[in-house]
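In what follows, a single structure is set out as structure tokens and then discussed.
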Number of protein chains: 2
Amino acid sequence: MPIRVLTADDHPVVRNGLRAIIANERDIELVAEATDGAEAVALYEAHRPDVVLMDLRMPRLDGIGATRAIVAADAGARIVMLTTYEGDADIYRALGAGARGYLLKDMLGAAVIQTIRTVAAGGRVIPPDVAARLVEFTPRVDLTERELEVLGLTAKGLRNRDIARAIGRTEATVKAHLKHVMEKLGVDDRTAAVTVALQRGIIHLD
Amino acid sequence: MPIRVLTADDHPVVRNGLRAIIANERDIELVAEATDGAEAVALYEAHRPDVVLMDLRMPRLDGIGATRAIVAADAGARIVMLTTYEGDADIYRALGAGARGYLLKDMLGAAVIQTIRTVAAGGRVIPPDVAARLVEFTPRVDLTERELEVLGLTAKGLRNRDIARAIGRTEATVKAHLKHVMEKLGVDDRTAAVTVALQRGIIHLD
DNA sequence: CTTGGTGTTCCCCTTTCGGGGGACACGGGC
DNA sequence: GCCCGTGTCCCCCGAAAGGGGAACACCAAG
């Protein structure tokens, strides 16, 4: 029995590429292709594939959300996040959501196939080459909900006073949160806090 | 005689996808695949393809630089930038560098084929659907070299004083440049200047 | 040649930030 | 019960940042 695979990516070119890569393997069968996270969840339910190759960035529902939804319904789901490197935070979140693997898009087709087989067999592919090392050198940073909220508003260019109004708190509170954020990120000004958080995937523009 | 095409993208998955899309067309031939900008320039010289499908973001030399180099050597080169939307500034730069088309990666394979034919025939494909509109609503912003330099250092989290030292000018000068940047971008603080510039592709992290 | 625009440079003044603390309430975990 | 993380708020003060001019060089157009 072949390994049944579902792909989820909003770029047709990427879907085509994965289809082409999989087509060469006799024992791997592409059962469906989703174009966004919501569709991925629906198609997973409909086909119950052995492995899901999921993009992180998608419309409607992103890869993290789709992974959470699928794993919630089927704890045994084998999902591989296949994306470009967008910061260590996304890796933590993907694995935290239940992903069994994390592949970078600059890997060769052979690596994709290899990963599908490994994950289908119940294994995990926590990038031994790339992410693993990056993760070693970048201590994990956990911001609280409030800190994340304040940082997000800071990224929009709001002043402490306006952030305070936005969240219904005093400016002193906002300053305290931002101070903690800067400490955790190891920087000493709001602009650096924002760019570092963006690089590490802790926050996103949009 | 078939339309001879060269692709340039650092993601194997994407190259596979383009190869698969092109393989279905009898009159289009994929003559070579580059994995970065420098290779694209070399392969262009070696094969002189009719059309180049070029990614914007690549190692060593990016799509803009590769386009400039190719066009400098062959003014008649027909290059299509094929990338995800990363701000209007990149579109301006790509077209300014000599690209004949600008395709978004979320377009269907048919659109890619259509574009190849149009550009091969000497036409231009300035995205009639996406970029065109976005360009209408986002007035073009041109920052001077100095302003760009100051903004870039600001994004790294440097203080005005340190930026001043870095470029060998006084802090007052840096503040003036930054003030102009904020005016041009329509914001009133450095953090917003950075995030807006990032969104529009005027500057990049890394 | 003179005008006008652009890019660069600089200073003064007011507002906002960042860093050093510390305080108190609430909740879960040991 | 006690501790610790989280969230809230406060003070003080020096350091940055933002806003409003303004001078100068340069180049292109009238």
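Chain letters run A, B, ... following the sequence lines, proteins first, then strands; residues in each count from 1.
The 12-atom threshold is not exceeded at NZ of B/Lys156, counting heavy atoms of other residues, nucleotides or ligands nearer than 6.0 Å.
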Would you sort out whether B/Val174 and B/Lys179 count as a side-chain contact (heavy atoms from CB on, under 4.5 Å), showing the intermediate values? CA-CA 8 Å; B/Val174 172; B/Lys179 177 167 51 179; over 6 Å; no

Apply the test side-chain contact (heavy atoms from CB on, under 4.5 Å) to residues A/Lys184 and A/Glu147: give CA-CA distance (whole Å), side-chain angles for both, the deciding distance (0.1 Å), then the verdict. CA-CA 10 Å; A/Lys184 289 181 179 179; A/Glu147 289 167 349; 2.8 Å; yes

Please walk me through it: do B/Tyr102 and B/Val125 pass side-chain contact (heavy atoms from CB on, under 4.5 Å)? CA-CA 6 Å; B/Tyr102 198 98; B/Val125 180; over 6 Å; no

Evaluation steps, salt bridge (charged side-chain N to carboxylate O under 4.0 Å, His left out), between A/Asp27 and A/Arg117: CA-CA 10 Å; A/Asp27 60 330; A/Arg117 290 192 209 288; 2.4 Å; yes

Give the intermediate values and the outcome of side-chain hydrogen bond (donor to acceptor under 3.5 Å, both in side chains) for residues B/Thr118 and B/Gln114. CA-CA 6 Å; B/Thr118 302; B/Gln114 179 56 42; 3.3 Å; yes

Between A/Tyr85 and A/Asp106, does a side-chain contact (heavy atoms from CB on, under 4.5 Å) hold up when you go through it step by step? CA-CA 9 Å; A/Tyr85 184 75; A/Asp106 58 0; over 6 Å; no

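Residues from residues 152-169 of chain A that place a heavy atom under 4.0 Å from any atom of DNA chain C, listed by number: A/Arg159, A/Asn160, A/Arg161. Residues from residues 170-197 of chain B lying near DNA chain C, meaning a heavy-atom separation below 4.0 Å, are B/Thr170, B/Ala172, B/Thr173, B/Ala176, B/His177, B/His180 in numerical order.
Screening B/Arg190, B/Lys175, B/Arg165 for a side-chain hydrogen bond (donor to acceptor under 3.5 Å, both in side chains) involving B/Asn160 leaves a single residue, B/Arg190. For the salt bridge (Lys or Arg N to Asp or Glu O under 4.0 Å) test with A/Asp9, the passing option among A/Arg15, A/Lys105, A/Arg57 is A/Lys105; the others fail.
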Show me the protein contacts with nucleotides 24-29 of chain D, counting only N or O atoms at under 3.5 Å.
none

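Helix-axis bend for the helix from C/dC1-D/dG30 to C/dC30-D/dG1: the local axis fitted to the five terminal pairs at one end deviates from that at the other end by 30°, rounded to 10°.
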Review item, side-chain donor-acceptor pairs of residues 48-56 of chain B, under 3.5 Å, at least two apart:
| from | atom 1 | to | atom 2 | distance (Å) |
| --- | --- | --- | --- | --- |
| B/Arg48 | NH1 | B/Asp74 | OD2 | 3.1 |
| B/Arg48 | NH2 | B/Glu45 | OE1 | 3.1 |
| B/Asp50 | OD2 | B/Arg4 | N | 2.7 |

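At a threshold of 4.5 Å between non-hydrogen side-chain atoms, the residues A/Arg200 and A/Val141 count as touching. Put simply, the side chain of A/Leu108 reaches to within 4.5 Å of the side chain of B/Pro12, judged on heavy atoms. Residues B/Glu149 and B/Ile167 have side chains in contact (heavy-atom distance under 4.5 Å, counting atoms from C-beta outward).
In this structure, B/Thr154 contributes its side chain and B/Val150 its backbone to a donor-acceptor pair below 3.5 Å.
Along DNA chain C, the stretch of nucleotides lying under 4.0 Å from any heavy atom of chain A spans, 5' to 3', C/dT16 to C/dG21.
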